[in-house]
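In what follows, every chain begins at residue 1, and chains take the letters A, B, ... in the order their sequences are listed. Hydrogens, waters and symmetry mates are skipped; everything else that's a heavy atom, side chains included, is used.
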Protein chains: 2
Amino acid sequence: MLRLAQLKFFEGFYEEFAALGLTPATYAIFAVIRDNPGVPPSSLASLLRLRLPNLIKILNELESSGFIKRNRSKSDRRAVELMLTPKGAKLIAEGARLTEPYNERMLAPLTETEQRTLLELLNRISPL
Amino acid sequence: MLRLAQLKFFEGFYEEFAALGLTPATYAIFAVIRDNPGVPPSSLASLLRLRLPNLIKILNELESSGFIKRNRSKSDRRAVELMLTPKGAKLIAEGARLTEPYNERMLAPLTETEQRTLLELLNRISPL
DNA sequence: TATTGTTATACTCTATAACTATA
DNA sequence: TATAGTTATAGAGTATAACAATA
């Protein structure tokens, strides 16, 4: 049942966000960088349960498209600090506007109380 | 959150059922054939949301390993009827014995009432 | 020596087009 | 002509190993 629900959400996501070129993965990456400017790739990968090499490949594309930039940390020159460019900030802001109608459409069979319950139960099973 | 929960269940599944060589996909396929002997590949694919060509590849492996057999329908010789062999029935029966402890472990953070609620809400979002 | 990030690469899963045999 | 099943193949997602730079 989890797989079927997730499939529905991903299919709906591609419909809703196709015009912006956002995927579930890139949306999540943008949102985390927006809320945690300077987050290193390693933290981002473990938070989103992505393998570092797979994340790096996505980050390379996002950087060469001009959506994010990488700064080397002053204190530890191995570490990378991820930031949104103005172009990237604009993209995720546009995406954020589609989020509420998207969630509403996916969760339409549930009341608002049930929607909160579902989120709470899922969060207990696998906390973010 | 759905993706993270599903990831947890799949990882737990591989741990629990590794000894039997069952995957989430093959478990579901065996269970559907067991409960619906003679089910055609097309119905199986749409029920489990698998593309027919991808399902066929799995069915080929399951058949050449001796777990299932294909019968041509008498009434429509294009149609295939899927059946478990005794070997396949034995395998899914062994798998079924692991199912309750597996679900219990994955859903440990929830009370029994909450477990039923979660299943009901997921089923409303994307009915089987 | 250990850690962060990166590259290269293989493997699984998923998607599309085209073919066959029956209807 | 249309349908059920199948094959071949391409693409996306995910995995591991090895390397460079820095600590």
When the distance from [atom1] of [X] to [atom2] of [N] is rounded to whole Å, what number comes out?
X       : N      : atom1 : atom2 : answer
A:Glu61 : C:dT6  : CD    : P     : 14 Å
B:Phe10 : D:dT14 : CZ    : P     : 12 Å
B:Leu55 : D:dG5  : CG    : P     : 10 Å
B:Lys74 : C:dA21 : NZ    : P     : 21 Å
B:Lys57 : D:dT7  : NZ    : C1'   : 10 Å
A:Glu81 : C:dG5  : CD    : C1'   : 14 Å
A:Arg77 : C:dT6  : CZ    : P     : 15 Å
B:Leu48 : C:dC13 : CG    : P     : 14 Å

Side-chain (A:Arg51) to main-chain (A:Ser46) donor-acceptor, under 3.5 angstrom:
no

From B:Thr23 OG1 over to B:Phe17 CZ, what is the distance, rounded to the nearest 0.5 angstrom?
10.5 Å

Could you check A:Arg3 against A:Ala79 and say which one's nearest nucleotide on DNA chain C is further toward the 5' end?
A:Ala79

Let me know, please, whether A:Leu59 or A:Leu7 comes out on the 5' side of the other along DNA chain C by nearest nucleotide.
A:Leu59

May I ask you to say what B:Pro53 touches in the nucleic acid, namely base, sugar-phosphate or nothing, with a heavy-atom cut-off under 4.0 Å?
base

So, are A:Glu15 and A:Arg105 salt-bridged, with charged N and O less than 4.0 Å apart?
yes

Residues B:Glu120, B:Arg124: salt bridge by 4.0 Å N-O rule
yes

With a 4.0 Å cutoff (strictly under), does any side-chain N or O of [X] reach OP1 or OP2 of [N]?
X       : N      : value
B:Ser42 : D:dT3  : no
A:Arg70 : C:dT6  : yes
B:Asn54 : C:dT16 : no
A:Arg51 : D:dT16 : yes

When A:Ser73 and A:Tyr14 are each assigned the nearest nucleotide of DNA chain D, the 5'-most assignment goes to A:Tyr14

Residue whose nearest DNA chain D nucleotide is more 5′ - A:Asp76 or A:Arg49
A:Arg49

Considering only heavy side-chain atoms of A:Asn60, the closest of D:dT22, D:dG5, C:dT7 is C:dT7

Are there more than 12 heavy atoms of other residues, nucleotides or ligands under 6.0 Å from atom NZ of A:Lys90?
no

